[in-house]
Amino acid sequence: MSRFRQLGGEEMGRLSAEAYATARRHPVALVLHNIRSMWNVGAMFRSADAAGIEKIVITGYTATPPRKEIDKVALGAQDTVPWDYFADPVEALGKLKLEGYRLFGLEIAGNSRRYDGLGAEDFPAAIIVGNEVEGIGDELLSRCDDVLEIPQYGTKHSLNVAVAAGIAMFECVRAFRTNG
């Protein structure tokens, strides 16, 4: 008999949607700019819920809930993670700056820093992810306080945006919980 056993729903200690609505969250926001795939949007909502971040900010032509494609992947997280929409990403970033967030582009870029080098001074943090093909773009990168890069060791030098966002969110949570 294995010493491991998969836990059932009640054994996980999962919060109800009502309890989660009032729970303290990690000081991280995720900005979704011009994301083409609604399935990616849904996946990022689901990861944001799992990481317990404060909010998602949606900009540009990124689809917003409710949409069946988002809902199918988000599994209800589109209803538990606070989110807002701004057509203009510059306006969204300006609002986040006024709220005290440090802006971090998640991109392969010159003068970037490793995604796993965050300290207490980097919070609250806003992670900006961009289009699946074009990325964030230089206009938004120029408004960032810093750029985080996930090292890649294969031939593609590209992660799915939802995967990259999940890695970055959980690393932000780890860094905050360790250093905050």
Side-chain angles (χ1 to χ4, degrees), residues 4 6 26-65 67-75 77-78 81 83 85-86 89-90 92-93 96 101-119 121-179:
F4 301 105
Q6 187 173 343
H26 299 105
V28 177
L30 179 65
V31 179
L32 313 181
H33 179 62
N34 285 347
I35 304 299
R36 295 180 313 170
S37 166
M38 287 184 268
W39 290 279
N40 280 336
V41 173
M44 289 186 273
F45 265 97
R46 192 166 163 187
S47 294
D49 176 281
I53 70 164
E54 287 181 338
K55 62 184 170 182
I56 289 178
V57 177
I58 300 171
T59 69
Y61 60 71
T62 306
T64 60
R67 294 291 297 259
K68 67 180 180 182
E69 298 88 346
I70 294 171
D71 299 353
K72 180 175 182 161
V73 180
L75 295 178
Q78 74 280 9
V81 176
W83 63 272
Y85 173 76
F86 293 83
V90 173
L93 298 183
L96 287 166
Y101 285 88
R102 285 189 40 85
L103 305 179
F104 293 97
L106 186 61
E107 189 65 85
I108 296 172
N111 297 314
S112 64
R113 68 190 248 205
R114 285 181 56 102
Y115 78 110
D116 57 358
L118 296 173
E121 68 281 1
D122 293 316
F123 294 94
I127 305 165
I128 306 157
V129 298
N131 177 273
E132 292 90 337
V133 175
E134 303 296 324
I136 295 169
D138 288 338
E139 179 186 4
L140 295 187
L141 282 175
S142 71
R143 297 177 185 282
C144 291
D145 296 304
D146 221 330
V147 176
L148 302 177
E149 185 173 335
I150 300 169
Q152 297 173 42
Y153 306 104
T155 61
K156 296 300 175 196
H157 291 281
S158 170
L159 288 169
N160 171 278
V161 66
V163 171
I167 291 168
M169 281 187 282
F170 274 92
E171 178 55 27
C172 282
V173 168
R174 186 209 59 78
F176 176 76
R177 292 175 74 96
T178 300
N179 302 313

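Note that the structure is predicted; figures quoted are calculated from it, not measured. Atom set for the values below is all heavy atoms of this structure, side chains included, hydrogens, waters and symmetry mates excluded.
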Between [X] (side chain) and [Y] (backbone), is there a donor-acceptor pair under 3.5 Å?
X    : Y    : answer
N131 : I35  : no
T178 : A175 : no
D116 : E171 : no
E132 : R36  : yes
T62  : N34  : yes
H26  : C172 : no
S47  : M44  : no
E107 : E149 : no

Sorted by chain and number, sequence neighbours left out, salt bridge (Lys or Arg N to Asp or Glu O under 4.0 Å) with D71 holds for none

Please step through side-chain contact (heavy atoms from CB on, under 4.5 Å) for the pair L30 and V129, ending with a clear verdict.
CA-CA 8 Å; L30 179 65; V129 298; 4.2 Å; yes

Kindly indicate, with the supporting measurements, whether the criterion side-chain contact (heavy atoms from CB on, under 4.5 Å) is fulfilled by F104 and D122.
CA-CA 9 Å; F104 293 97; D122 293 316; 3.6 Å; yes

If a pair satisfies salt bridge (charged side-chain N to carboxylate O under 4.0 Å, His left out) and one of its residues is in residues 51-62, list it, with sequence neighbours excluded.
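Output for this query lists K55-E99.
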
Taking every heavy atom of A109 against every heavy atom of L141, the minimum-distance pair comes out as CB-CD1, 4.5 Å

If we check side chain to side chain contact (heavy atoms under 4.5 Å, CB included) with L32, which of these qualifies: I58, T59, I128?
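For L32, the side chain to side chain contact (heavy atoms under 4.5 Å, CB included) check succeeds only for I58.
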
Do other residues, nucleotides or ligands put more than 12 heavy atoms under 6.0 Å from the CD atom of E134?
no

